[in-house]
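I have placed the structure first, in the form of structure tokens, so that the comments after it can refer back to it.
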Amino acid sequence: MRMSRYFLPILKENPADAQIVSHRLMLRAGMIKQVASGIYSWLPMGFKVLRKLENIVHEEQARAGHIAILMPTLQSADLWRESGRYDGYGEEMLRMKDRHGRDMLFSPTAEEMVTDIFRSHVSSYKDLPLTLYQIQWKFRDEIRPRFGVMRGREFYMKDGYNFDLTKEDALHAYNRHLVSYLRTYERMGLQAIPMRADSGPIGGDYTHEFLVLADTGESEVFYDAAVTDIRMGERDIDFSDKAQCQGVLEEFTSLYARTDETHDEALFAEVPKDRQRSARGIEVGQIFYFGTTYSDPLGAKVMDETGKPVPVHMGSHGIGVSRLLGAIIEASHDDNGIIWPEGVTPFGVGIVNLKQGDEEADTACEALYKSATALGLDPIYDDRNERAGGKFATMDLIGIPWRITVGPRGLKNGVVELTSRKTGVSEEMTPELALEALAKTYASL
RNA sequence: CGGGCUAUAGCGCAGUCUGGUAGCGCGUUCGUCUGGGGGACGAGAGGUCGCAGGUUCGAACCCUGCUAGCCCGACCA
């Protein structure tokens, strides 16, 4: 992408309404525009990152054997009356009537709808296990939205639902989700710690929240410092292997890690003193097992081996995809702007032409841009007639992890400069070597 | 919903107390110079002062009502 042809409305000054760094940087980097309280338009670069996150979620869900569907945002109230939640959900649910006066709502979650799909089409234990998920816009009419996309009213969320014959199978689905979520967050360059959580209005016996540690987090968390050393890394996972998935769960959840909702001072005291930590965290996902809470009232049953209808065991599992943008920026930025992890960056490399109009520099940049594009590096080329300082500031603000700087001075010696956004370290090398190094870096993700 | 605050050019703000031709910085357009960390100079464009009503010869400014947004709290992916 040539910056001169892109739509990137960056701001030099801080918007007055943005209180926290991720919100401020998303506005300054021209990623979002507020439409109403807690509701945002996604401008090209914000939308691009959102799509990247979404793709990672889809890939990891597919790997775990989960199947994507798409359900409507506007739903009839009927199903919600059947489950008993229409009256129970309260003011957070945005309600409306259609032209015939029928009660409608903007879906805040989709247990009812997915259970209805299930009961309409599945009737045998032979069709289990089944996990259906979607990535779709949700709406919760929060009393007080804040922090930009971190706490919007409209938000983009992956919500998945497992259907299993037995509690044991459903708990395997729970573990499978935990493993796939850990992989998902790591690919996004995030450390999200599974913490025992409160099951809240959805109910259920088993639930973990995934928290990214950040000073601006909404939840207070308590944990054993040793949990932050655990990584999924490169290990091979067989998602159908119950023992392996259970093993990962135990590995990641046996150390103390809880949010304030479930914090237990007595248990926390057993953690070695020098490893006791309290901090703040941003919740970026949650998994639940809730058994037959919805299958019972909605009549979602299958025939078991004996021909007897039994309600299915279910769980639901969410990742706040739009919120993740905020979480990633909270976890990865400096005074100059965003620092995108390579797995989610909107562009792989920024090319800065220091002297637009200089024949040699222009030619070198064009060639670099062409090669980088051919290598799949998805470059953004700052070809505007700006001064060097402005171009550097822009690249830093929008957080591209690598920058290739091209100027007449270096070109005299046949070199360009490759700079890491994260470390600020620069190295001079030929354009070919710079591209080779970047291709290698991105191939290893 | 309770408490606090704001609304003036695309963004950030002054002007309101004390009514009298709507300003500044950034951005933006054109030109010249400049060219390795948001450069300089010159010339422009751009505003129903959130909305409605009232007071007044005259309202961004005073009065009343409304709307929207922000912060703290209860609530939440």
Side-chain angles (χ1 to χ4, degrees), chain A residues 9-20 23-24 27-28 30 33-39 57 89-93 107-110 135-160 181 192 197-202 207-212 217-219 259 261 281-288 316-327 335-337 352-358 361 382 384-397 403-411 416-417 419 424 426 428:
Chain A
I10 63 165
L11 303 171
K12 262 170 110 166
E13 285 172 286
N14 282 325
D17 285 346
Q19 304 298 317
I20 65 168
H23 189 195
R24 206 158 56 222
L27 290 168
R28 284 199 54 207
K33 170 170 168 45
Q34 179 165 324
V35 172
S37 180
I39 302 177
V57 173
Y89 217 96
E91 293 288 304
E92 254 186 39
M93 181 187 279
S107 171
T109 177
I135 302 179
Q136 175 65 294
W137 291 96
K138 306 289 190 303
F139 195 95
R140 290 184 194 168
D141 202 358
E142 298 282 347
I143 298 168
R144 185 153 88 84
R146 62 188 112 172
F147 303 154
V149 300
M150 295 246 286
R151 179 83 183 279
R153 291 193 291 175
E154 189 182 49
F155 57 98
Y156 204 46
M157 178 183 174
K158 174 266 172 184
D159 48 322
Y181 279 23
D198 187 46
S199 56
I202 296 177
T207 180
H208 282 91
E209 285 179 343
F210 292 79
L211 284 113
V212 173
E218 294 182 273
S219 316
T259 64
E261 294 164 331
I282 302 165
E283 191 190 332
V284 292
Q286 187 160 10
I287 54 178
F288 283 104
S316 71
H317 316 279
I319 293 179
V321 179
S322 49
R323 163 179 281 200
L324 272 167
L325 268 100
D335 290 347
N336 295 326
V352 169
N353 186 346
L354 288 178
K355 196 167 181 181
Q356 210 69 39
D358 178 274
D382 194 343
R384 300 170 304 161
N385 191 19
E386 293 289 319
R387 296 168 59 89
K391 291 188 177 185
F392 291 145
T394 298
M395 281 299 175
D396 286 352
L397 174 63
R403 186 183 81 208
I404 297 180
T405 311
V406 181
R409 192 190 298 168
L411 287 176
V416 296
E417 209 172 82
T419 308
S426 287
E428 291 197 333

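The chains referred to below are lettered A, B, ... by the order of the sequence lines, with proteins before strands, and numbering in each begins at 1. Values below: every heavy atom of this structure, side chains too, minus hydrogens, waters and symmetry copies.
- R144(A) has a side-chain polar atom (N or O) that falls below the 4.0 Å cut-off from OP1 or OP2 of C71(B).
- Comparing the C1' positions of C17(B) and G65(B) gives an interatomic distance of 23 Å, to the nearest angstrom.
- Contacts of E218(A) with the nucleic acid, taken as non-hydrogen atoms under 4.0 Å apart, include base atoms.
- Computed from coordinates, the N14(A) CG to C70(B) C1' distance equals 15 Å when rounded to whole Å.
- Within 4.0 Å (heavy atoms only), Q19(A) reaches sugar-phosphate atoms of the nucleic acid but no base atom.
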*Taking it one step at a time, do D17(A) and Q34(A) satisfy side-chain contact (heavy atoms from CB on, under 4.5 Å)?*
CA-CA 10 Å; D17(A) 285 346; Q34(A) 179 165 324; 5.6 Å; no
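- One finds no side-chain N or O of Q286(A) lying less than 4.0 angstrom from the OP1 or OP2 phosphate oxygen of C76(B).
- Nucleotides G27(B) and U67(B) are separated by 38 Å at their P atoms, to the nearest Å.
- In terms of polar N and O atoms assigned as donor or acceptor, the side chain of E417(A) comes within less than 3.5 Å of the base of G36(B) in a complementary pairing.
- A donor and an acceptor atom sit less than 3.5 Å apart, one in the side chain of R403(A) and one in the base of G37(B).
- Partner assigned to G58(B) is none, using Watson-Crick or G-U wobble distances below 3.5 angstrom.
- Rounded to a whole angstrom, the distance from the P atom of A14(B) to that of G25(B) is 16 Å.
- Across all strands shown, U16(B) forms no Watson-Crick or G-U wobble pair with both key distances under 3.5 Å.
- Side-chain proximity of Q34(A) to G69(B), C13(B), C76(B): nearest is G69(B).
- Comparing the same atom, C1', in C57(B) and in A52(B) gives a spacing of 23 Å after rounding to whole Å.
- Note: CG (L11(A)) to P (C13(B)) measures 12 Å, nearest angstrom.
- Between A197(A) and T259(A), the shortest heavy-atom contact is CA-OG1, 4.4 Å.
- Nucleic acid contact class of N385(A) (heavy atoms, under 4.0 Å, all strands): base.
- Although no hydrogens or angles enter the test, the distance criterion places a donor-acceptor pair under 3.5 Å between the side chain of R153(A) and the main chain of S37(A).
- When each of C75(B), G69(B), G38(B) is scored by its nearest atom to the side-chain atoms of A36(A), the top-ranked nucleotide is G69(B).
- Residue contacts for G424(A): at a heavy-atom cut-off of 4.0 Å it reaches no nucleic acid atom on any strand shown.
- If you take CZ of R24(A) and P of C70(B), they are 16 Å apart, rounded to a whole angstrom.
- Among the atoms of the strands shown, only primed sugar atoms or phosphate atoms (P, OP1, OP2) are found under 4.0 Å from some heavy atom of A16(A).
- Note on R387(A): every side-chain N or O is 4.0 Å or more away from OP1 and OP2 of G38(B).
- With rounding to whole Å, R384(A) atom CZ is found 12 Å from G27(B) atom P.
- You won't find any donor-acceptor pair under 3.5 Å spanning the side chain of D396(A) and the base of G38(B), going by distance alone.
- Of the candidates C71(B), C75(B), G69(B), the closest approach to any side-chain atom of D17(A) belongs to G69(B).
- For E142(A), the listed nucleotide lying nearest its side chain is C75(B); candidates were C75(B), G36(B), C26(B).
- For G35(B), neither phosphate oxygen OP1 nor OP2 lies less than 4.0 angstrom from any side-chain nitrogen or oxygen of K355(A).
- Spacing between G15(B) and C49(B) at atom C1', rounded to whole Å, works out to 11 Å.
- Straight-line distance between the C1' atoms of A9(B) and G23(B): roughly 11 Å, to the nearest whole Å.
- One N or O donor and one acceptor, one from the side chain of R151(A) and one from the base of C75(B), sit under 3.5 Å apart.
- Rounded to the nearest Å, the gap between the C1' atom of C5(B) and that of A59(B) is 24 Å.
- In the set G12(B), G35(B), C71(B), G12(B) carries the atom at the smallest distance from any side-chain atom of E13(A).
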*Would T394(A) and R384(A) satisfy side-chain contact (heavy atoms from CB on, under 4.5 Å), going step by step from the backbone distance to the final call?*
CA-CA 11 Å; T394(A) 298; R384(A) 300 170 304 161; 3.4 Å; yes
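- Minimum interatomic distance between S426(A) and T419(A) (heavy atoms only, all atoms of both residues): OG-OG1, 2.7 Å.
- The pairing partner recorded for G65(B) is C51(B), the criterion being a Watson-Crick or G-U wobble arrangement whose two distances lie under 3.5 angstrom.
- In this structure, K138(A) places its NZ atom 18 Å from P of C76(B), rounding to the nearest Å.
- Checking the phosphate oxygens (OP1, OP2) of G73(B), a side-chain nitrogen or oxygen of R146(A) falls inside 4.0 Å.
- Among the nucleotides C75(B), G73(B), G36(B), the one closest to the side chain of F392(A) is G36(B).
- Contacts of G407(A) with the nucleic acid, taken as non-hydrogen atoms under 4.0 Å apart, include base atoms.
- Looking at every heavy atom in both residues, L397(A) comes nearest to L11(A) through CD2-O, 4.3 Å.
- The residue among I143(A) and F155(A) whose nearest nucleotide of RNA chain B lies closer to the 5′ end is I143(A).
- K391(A) places a side-chain N or O within donor-acceptor distance of the main-chain N or O of N353(A), the cut-off being under 3.5 Å.
- In this structure, A40(B) and U32(B) make a Watson-Crick or G-U wobble pair, each of the two defining distances being under 3.5 angstrom.
- Contact annotation for T394(A): base contact, defined as any heavy-atom pair under 4.0 Å involving a base atom.
- If you find the closest nucleotide of RNA chain B to R323(A) and to L411(A), the one lying nearer the 5' end belongs to L411(A).
- One atom, CD of E209(A), and another, C1' of C76(B), lie 10 Å apart when rounded to the nearest Å.
- G12(B) and A7(B) have their P atoms separated by 12 Å, given to the nearest Å.
- Rounding to whole angstrom units, CG of residue L27(A) and P of G69(B) are separated by 15 Å.
- OP1 or OP2 of C70(B) sits under 4.0 Å from a side-chain N or O of S37(A).
- Of all nucleotides present, only C72(B) satisfies the Watson-Crick or G-U wobble test against G2(B), with each distance under 3.5 Å.
- Remark: of the listed residues Q136(A), H317(A), K138(A), K138(A) is the sole one forming a side-chain hydrogen bond (donor to acceptor under 3.5 Å, both in side chains) with D159(A).
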*Applying side-chain contact (heavy atoms from CB on, under 4.5 Å), run through Q286(A) and T207(A) and close with a yes or a no.*
CA-CA 7 Å; Q286(A) 187 160 10; T207(A) 180; 3.0 Å; yes
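- One N or O donor and one acceptor, one from the side chain of R28(A) and one from the base of G38(B), sit under 3.5 Å apart.
- To the nearest angstrom, C1' of G36(B) lies 14 Å from CG of D382(A).
- The minimum heavy-atom distance linking M93(A) with P108(A) is given by the pair CE-CG, 4.2 Å.
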